[in-house]
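Report on one structure; see the data block that follows.
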Amino acid sequence: MHHSYIDHLAHRPGILQSLDPRGKVAATIGYVVAVSLTPNGAVLRLGLLLTLLLGVCIASSVPLAYAAKRGLLVLPFAGPVALAMPLAQPGPIWTTIGPLELSRPGSILAATIITKAFLAATALLVLAATTRFNHLLAALRWYRLPDIFLSILAFLYRYLFIVVDEGQRVARAGRTRSPGRYRRPVTTAAAMIVGLVRRSFDRAQRVYTAMLARGYDGTTRSDHAQPRGAHNLVVSLTFGVIALSFALSPYPVILRWTL
Amino acid sequence: MNEPITDDSPNEQPALLAHELTYRYHGGNRPALDNLHLVVPASRHTAIIGPNGGGKSTLLLHLAGLLPNRSVQILGRPAWTKKNLAWIRRHIGLLFQNPDDQLFMPTVLEDVAFGPLNFDMHDARQVAMETLSDMELGDLADRPPHHLSGGEKHLVALAAVMACRPKILLLDEPTAGLDPGSRRRVIQRLAWLMEQSVTVVAATHDLDMVHELFDRVVLLDQGRCRADGPSAEILANNDLLEASNMEIPLSVLLDRCRKR
């Protein structure tokens, strides 16, 4: 079955791929904080953050179209909030669409929200795409994230593909028995989804039994090799510090330019 | 029905003992196991054969202590108290039929090290790596299980069980879905384990493998033991096999031709 693996760019040569995952996590969090602390309408600053992200993508062989498409996935979540702003924010009218009067501060706020959400989501997706998933988990473990949370992430990642596989198989089986009909009735689609949920539940029980068989007693024991060397960690941590200081320090006047 | 093999040497402690074992799944219209009596001596390797739905996998789950039951004793210990279960699981390895149920860690190496870590084995990671190398799977160590082919998953699942260094190895369809080369590797590995005093019990439809490796066969049908005896006898009994939806394996027929 075909899958688009979340970390499928991790094997390409590039700057991000060669960095220590712990540093990458720190740098990404720094970048996301920098994005989130950017004031409303700070076009130049958002532009600089976008340029930084573009540069990292290019230097890490991440196709820009790929990054942009994945980043846009955040629109269904940020979009509705942003779209309400031009109507909700008081201020001078910027333009009217039919009976709707869009305020200038509200429109600027909407554009800022969408841009910030896009930048933050893209940065996280670029991190995930250029880091092997088990290395990412090791880095998060190094930052002392709770084991149970990491176990859930690992299981989610591992079994997502199996559920998707099963879904594809069920869909294929359905197609072979309905030649020429590609639009499935809602009842059939619902039955397929119910079947998938039931199978997943059964599988969860079998997986748990398999864990018990190999001595699992509710405690996750790990013996993970630490990723990469200290030098590499320092270099990539520096990226995080720079990004954070960019967010927190008093920045030059030119960066204060807003709409 | 053939006389059950209860024990070769009366003084030997049976590795596994099921006495009047009955088990019914929730909602099942008949018992999956019906008043079953089975003794597995440590010195004999037992193949459990039978039609689909005959109760083979359910029996293995009982023998591994995963369906705790008062009718089962494992290595001389009752298999239903919590204290015993932890000890039992340390000494019993179970290979599941579907490797996707068994390989749940992010990488092959972490999965193979899962058991040794839980059993507090010294240098679990090293043990896992050695087991993978022994099975010529060392190059898969860093791969996520979902990147593997079906045959590779099967072999890695077997390695994950073997890394726990069990005294008793229970295998549910160890050769199902493997290409001939991988099947041969599994058979060679099992033969090696049998020489290392590991008691092997396998539920399988691969009767040629049974003929090659196992000295004893138990035929399960509808949760009952229909036959229990030396593999040479049972695998040559056409009437018995046909009554349970099976047939004499080709290797037995070839042996017959050679003898003629």
Side-chain angles (χ1 to χ4, degrees), chain A residues 1-8 10-11 21 131-141 147 150-166 169 199-227, chain B residues 57 60-61 63-68 82 85-121 123-129 141-147 153 157 160-161 163-164 166 170 172:
Chain A
M1 295 281 175
H2 172 74
H3 295 302
S4 63
Y5 294 111
I6 193 168
D7 56 358
H8 75 287
H11 300 281
T131 315
R132 290 187 57 174
F133 193 73
N134 55 315
H135 292 174
L136 191 58
L137 285 180
L140 296 175
R141 189 170 288 114
D147 236 14
L150 296 176
S151 297
I152 290 170
L153 269 186
F155 277 107
L156 180 71
Y157 184 68
R158 170 74 183 94
Y159 286 98
L160 193 62
F161 296 107
I162 292 172
V163 174
V164 170
D165 257 358
E166 284 188 347
R169 266 189 236 119
R199 281 188 209 195
S200 302
F201 184 73
D202 286 345
R203 184 182 294 281
Q205 284 188 322
R206 291 198 302 273
V207 170
Y208 182 64
T209 309
M211 290 171 76
L212 288 180
R214 284 196 283 156
Y216 183 70
D217 58 3
T219 312
T220 309
R221 295 169 178 83
S222 56
D223 174 31
H224 301 280
Q226 290 300 340
Chain B
S57 298
L60 288 189
L61 290 174
L63 297 181
L66 291 165
L67 291 174
K82 246 187 175 173
L85 280 177
W87 184 88
I88 283 166
R89 284 175 190 155
R90 170 70 189 86
H91 293 99
I92 289 208
L94 171 60
L95 175 75
F96 286 75
Q97 196 171 353
N98 183 349
D100 274 328
D101 294 343
Q102 198 174 326
L103 305 176
F104 40 77
M105 295 299 278
T107 65
V108 165
L109 181 61
E110 285 177 72
D111 204 284
V112 177
F114 180 84
L117 278 167
N118 282 330
F119 296 132
D120 294 324
M121 287 168 70
D123 210 351
R125 209 179 177 82
Q126 184 64 29
V127 169
M129 201 59 231
D142 218 20
R143 300 255 305 270
H146 54 262
H147 283 198
K153 281 183 193 170
V161 175
C164 301
L170 306 176
D172 197 353

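Each chain gets a letter, A, B and so on, in the order the sequences are listed, and its residues count up from 1. When reading the values below, keep in mind they use all heavy atoms of this one structure, side chains included, and skip hydrogens, waters and symmetry mates.
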Tell me, out of [options], who's got the most heavy-atom pairs with chain A below 4.5 Å.
| options | answer |
| --- | --- |
| D142(B), D120(B), I88(B) | D142(B) |
| L109(B), V161(B), D111(B) | D111(B) |
| P166(B), A160(B), G65(B), A163(B) | A160(B) |

For the [atom1] atom of [X] and the [atom2] atom of [Y], what is their distance to the nearest 0.5 Å?
| X | Y | atom1 | atom2 | result |
| --- | --- | --- | --- | --- |
| M105(B) | R214(A) | CE | CZ | 9.0 Å |
| R90(B) | N118(B) | CZ | CG | 11.0 Å |
| L67(B) | L61(B) | CG | CG | 5.0 Å |

Query raised in the report: chain A heavy atoms under 4.5 Å from A157(B): which part of the residue, side chain, backbone, both or neither?
Result: neither
Query raised in the report: Is it the backbone or the side chain of F104(B) that comes under 4.5 Å from a heavy atom of chain A, or both, or neither?
Result: both
Query raised in the report: Any idea how Y157(A) and F133(A) line up, ring-wise: parallel (<30°), tilted (30 to 60°), or perpendicular (>60°)?
Result: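 Aromatic pair Y157(A)/F133(A) classed parallel.
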Report task. With the side chain counted from C-beta on, respond yes when R125(B) and L117(B) share a heavy-atom pair under 4.5 Å apart, and no when they do not. Result -> no
